[in-house]
Amino acid sequence: MATTEHPAPSRLRSWMLEGLSDMGKGQGVTGPHATPEPPHRGQAWYRVMCLTGVDYFSTLGYQPGIAALAAGLLSPVATVVLVVVTLAGALPVYRRVAEESPHGEGSIAMLERLLTFWKGKLFVLTLLGFAATDFLITITLSAADASTHLVENPHLTDALHGQRMLITLLLVALLGAVFLKGFLEAIGVAVALVATYLALNAVVVAAGFWHVVTAGHVVTDWSHALTAEHGNVFAMVGVSLLVFPKLALGLSGFETGVAVMPHMKGDPGDTEEHPAGRIRDTKKLLTTAALIMSVFLIVTSFLTTVLIPEKEFESGGQANGRALAYLAHAYLGNAFGTVYDVSTIAILWFAGASAMAGLLNLMPRYLPRYGMAPHWARAVRPMVLVFTLIAFLVTWVFDASVDAQGGAYATGVLVLMSSAAIAVTIAARRAGQRGWTVTFGVVSAVLLYVTVVNVIERPDGVKIGACFIAGIIAVSLLSRLARAFELRVTDVTLDPLADRFVRDAASRKLRFIANEPDRRDRAEYRDKIEQIREDNDLPAHEDFVFAEVTVTDPSEFEGRLVVRGEVLHGRYRVLTLESSSIPNALAALLLHVRDTTGCTPHIYFEWTEGGPFANFLRFFLFGQGEVAPVTREVLREAEPDPTRRPRVHTG
């Protein structure tokens, strides 16, 4: 099909719009944002675990400090509650998500399948808003914590005092610059960072336990203070449940773990329809990562609580946002502590890179199919600039504070996890698995409770999420409006009888009548032909082929078009089409017929009754309405040469 030609763009424009998103490699991106990729060989599951681990494991940089601020002396007990929810709730949920969505689409795609038409699209856009909150706050929070480790390093604290905001903005800008240059997810780099970071944390943990053993009074002091403050175990667990929403950052990483599934090697016999090996390996990835993180969370929360004075966790304290780094410097010296700081800064920065890659992967996965992505959003660089500027704004609003951003981050994480739990509950119920339905239902209730409490206590997250949702919906609808007259049929296929009708009519003159199917009796087609002949003053010997379009899901933007032919009442040739838009389907049919026969087809309409504005809204929302002029406009957009454009007649 012909497309409109444009003047050669400037060098800057060419560079900015170069290519489509290379973040979508192997990610199953479809639609106009997709690019042909060579077959992906895949990686071993433990290497891919490190790719998601730069996000998941990097939370050790700030999670113990946040837990200490939220729970105080109860931090280890509250962390145990967090681990129980992780292993008994989040892990089973995302193992099931891996089964139900093995191509990396995640829980959003599972819920998308449950809802149709515009309500499904709006629901997905809402979840995308919270996902954007999750990923963007990951970038800004990780950069803020990295700058904290840099500023609080004993060798640099005097030189960098008061420069945390500037350093955070520079780290975010550096991240954006890397993506503007071109970034491919380097699994090898992730493996090196994760291995080094976990090894250094193991050394810090060992040194901390050695100090606990040699100075046994710290444990007794902590236990006596804990008992005096909370009384008994039941009171401790109760209070831990109340503060649990503030510790929800420790649940991050599961959604990313599912998103990286397409990178998994799987088994040689895996197919896209049945990737059994990929699903099995993803379950290994999720389980191993959850177990490693659970062990580190418990031991680090215990050590930081018993070894670090409570005042040091508060804003301005030396352990605020860097509790393990505080222990590294205190018990292993400033040289080792500096190495630990460098490792922490590197993995936190790379966690931001992983989040940016997630953003650039996530939007093309859904928006192109809805026609809700501007043309410039096909390229990486414009989107990188947009996300970087938003990250600057978020950093400024939260004053580059790790503590202040914790609520927003937790909200994004918890909304996505709650949606995943609900999705797998529905999937289990549909599969007739009563036990799993009850189990996942309980997990859903717990996660929804935690989400609601987190929103009530720290509304910043839902406010930012609402801003992202409003922005995404506004941009999406404006983009859909701007692309309303775009030819959005990707492929046209005629069955043998339809092809025969077209070839036979092409031997004379191709004349189609656009007909809205009603009773489909003999009188309907006879009266329609008589009306068209009278309105257009056509001779009686001219013959016609009817074209009838049935609207399926008007909220879909693009798709294939299958044309079927049938003979009704022994004499009327009818082409039947199913599409999300009547004008687009008819325009695509006409262009296909022109290209295959070499003849210019004519199509005849009757004017639609009603006001043009109301009819345009019907077309925009429901795929029908002012069919004749919109069909002509779609043809004009698709074929710039008037001499080659199919003819549209309206009477």
Looking only at heavy atoms, what is the nearest atom pair of [X] and [Y], with distance?
X	Y	result
Pro275	Pro102	CG-CB, 3.6 Å
Asp495	Ala498	OD1-N, 2.7 Å
Ala506	Cys599	O-SG, 3.8 Å
Lys528	Ala514	CE-O, 3.5 Å
Gly565	Leu575	CA-CD2, 4.2 Å
Glu566	Leu568	OE1-CD2, 3.5 Å

Is the shortest side-chain N to carboxylate O distance from [X] to [Y] below 4.0 Å?
X	Y	answer
Glu639	Arg644	yes
Glu530	Arg533	no
Glu99	Lys283	yes
Asp491	Arg560	yes
Arg500	Asp504	no
Glu100	Arg430	no

Decide yes or no for [X] and [Y]: does some side-chain heavy atom of the first lie under 4.5 Å from some side-chain heavy atom of the second?
X	Y	value
Leu538	Phe544	yes
Tyr604	Asp535	no
Lys265	Asp281	no
Leu393	Leu389	no
Leu586	Phe605	yes
Val567	Phe501	yes
Leu635	Leu591	yes
Val502	Val545	no

*Do the ring planes of Phe546 and Tyr525 sit parallel (below 30°), tilted (30 to 60°) or perpendicular (above 60°)?*
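Judged by the thresholds at 30° and 60°, the geometry between Phe546 and Tyr525 is perpendicular.
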
_Checking Gln531 against Asp527 for the side chain to side chain donor-acceptor pair (under 3.5 Å) test, could you report, in this order, the C-alpha distance in whole Å, the side-chain angles of both residues, the deciding distance, and whether it holds?_
CA-CA 6 Å; Gln531 182 67 45; Asp527 295 344; over 6 Å; no

*Show your reasoning for whether side chain to side chain contact (heavy atoms under 4.5 Å, CB included) applies to Phe512 and Val593.*
CA-CA 11 Å; Phe512 295 97; Val593 167; 4.1 Å; yes

Measure the [atom1]-[atom2] distance between [X] and [Y] for me, rounded to the nearest 0.5 Å.
X	Y	atom1	atom2	value
Met417	Thr451	CE	OG1	9.0 Å
Glu548	Ile513	CD	CD1	10.5 Å
Tyr572	Glu524	OH	CD	10.5 Å
Asn584	Leu589	CG	CG	12.5 Å
His274	Asp267	NE2	CG	14.0 Å
Leu285	Arg95	CG	CZ	11.0 Å

*Give me the one residue out of Arg511, Arg508, Arg571 that meets salt bridge (charged side-chain N to carboxylate O under 4.0 Å, His left out) with Asp543.*
Arg508

*Test side chain to side chain contact (heavy atoms under 4.5 Å, CB included) on Leu577 and Thr550 and set out the steps.*
CA-CA 6 Å; Leu577 307 83; Thr550 300; over 6 Å; no

*Taking atom CZ of Arg645 as the centre, does the number of heavy atoms from other residues, nucleotides or ligands within less than 6.0 Å exceed 12?*
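Yes, enclosed.
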
_Taking side chain to side chain contact (heavy atoms under 4.5 Å, CB included) as the criterion, tell me which of Asp499, Val562, Leu561, Thr596 meets it with Leu494._
Asp499

